[in-house]
Amino acid sequence: MSTQGGSVLERVRGLVREVAKFGAVGGLGVLVNLGVFNLIRHTTDLQVVRASVIATVVAIATNYLGFRYYAYRDRAQNGRTREMALFAGFSAIGLVIENGVLYTATYGFGWDGPLASNVFKFIGIGTATVFRFWSYRTWVFKALPPVAPPAGAATDPVPDPAPVVRPERRPEPLPEPEPANN
């Protein structure tokens, strides 16, 4: 079974590679996010959600570098200003999703302890990650279109036949002229 752009198996393998790269960059982003969040929470008097927003912004900056130069380095690289604007916009939506979960847990339910803050921060990151994966791959880091064969080229090119090797023929020697009779 084949579809435009390769077989189904090839497309699934490509998606698995993409998810793995996205996960590697995202994993680093989660570590940065949670690390900065806990550092701010334990060294300052900032409120939970404000500390989380700062941590998320630092992680977004880290993630952009990872996505552009690792996970999506093979994607279109023209229009960098547009790409950065879309990344910032979709990241801001992800920030609202992520910190909305933490806000609801903290101020809606009163779950404000260090463990609860980290658990709901992590749940918010996970929820926002689903949105970010879809939006980044669909709108920000677009795949390059497949290379079309040149006009007039056959879709399944037939290789040129191998040249026929013929043994070299040596000319037969000419008969010796008869001696002249004088």
Over all heavy atoms of both residues, which pair between [X] and [Y] is shortest? Give the atoms and the distance, please.
{"X": "T62", "Y": "L28", "result": "CG2-CD2, 4.2 Å"}
{"X": "I40", "Y": "A51", "result": "CG2-CB, 3.5 Å"}
{"X": "A59", "Y": "N33", "result": "CB-CB, 3.8 Å"}

- Item | Sole residue of F90, F87, F131 in ring-ring contact (aromatic ring centres under 6.0 Å, His included) with Y136 | F87
Straight-line distance of [X] [atom1] to [Y] [atom2], nearest 0.5 Å:
{"X": "Y103", "Y": "R50", "atom1": "OH", "atom2": "CZ", "result": "11.0 Å"}
{"X": "W134", "Y": "T129", "atom1": "CH2", "atom2": "OG1", "result": "15.0 Å"}
{"X": "T43", "Y": "N38", "atom1": "OG1", "atom2": "CG", "result": "10.0 Å"}
{"X": "F37", "Y": "T56", "atom1": "CZ", "atom2": "OG1", "result": "9.0 Å"}

- Message: In the structure I gave you, are the side-chain heavy atoms of F122 and L34 within less than 4.5 Å of one another anywhere?
- Response: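 A side-chain contact under 4.5 Å exists here.
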- Is the closest side-chain heavy-atom distance between L46 and I54 below 4.5 Å?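 The answer is yes, as the side chains (C-beta and beyond) meet within the 4.5 Å cut-off.
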- Message: Strictly below 4.0 Å, N to O, side chains only: are E83 and R80 in salt-bridge contact?
- Response: yes
- Query: Do K21's NZ or CZ and the ring of Y72 fall within the cation-pi criteria of under 6.0 Å and 45°?
  - Reply: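 Judged by the rule (NZ or CZ under 6.0 Å from the ring centre, within 45° of its axis), K21 is not positioned above Y72.
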- Item | Any pair counted as salt bridge (Lys or Arg N to Asp or Glu O under 4.0 Å), so long as it reaches residues 89-110, sequence neighbours left out | E98-K121, E98-R132
Report yes or no: do [X] and [Y] belong to one cluster of Ile/Leu/Val/Met/Phe/Trp/Tyr joined by side chain heavy-atom distances under 4.5 Å?
{"X": "I60", "Y": "M84", "result": "yes"}
{"X": "L95", "Y": "I93", "result": "yes"}
{"X": "L15", "Y": "F141", "result": "yes"}

- Measure up the F109 and W111 rings against each other and bin them: parallel (under 30°), tilted (30 to 60°), perpendicular (over 60°).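 Ring orientation of F109 relative to W111: parallel.
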- Under 3.5 Å, is there a donor-acceptor pair between the side chain of S52 and the main chain of V48?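 Side chain of S52 to backbone of V48, a donor-acceptor pair under 3.5 Å: no, none is there.
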- Scan for ring pair (Phe, Tyr, Trp, His ring centres under 6.0 Å) pairs involving residues 8-33, sequence neighbours excluded, and state none if there are none. F22-F67, F22-F133
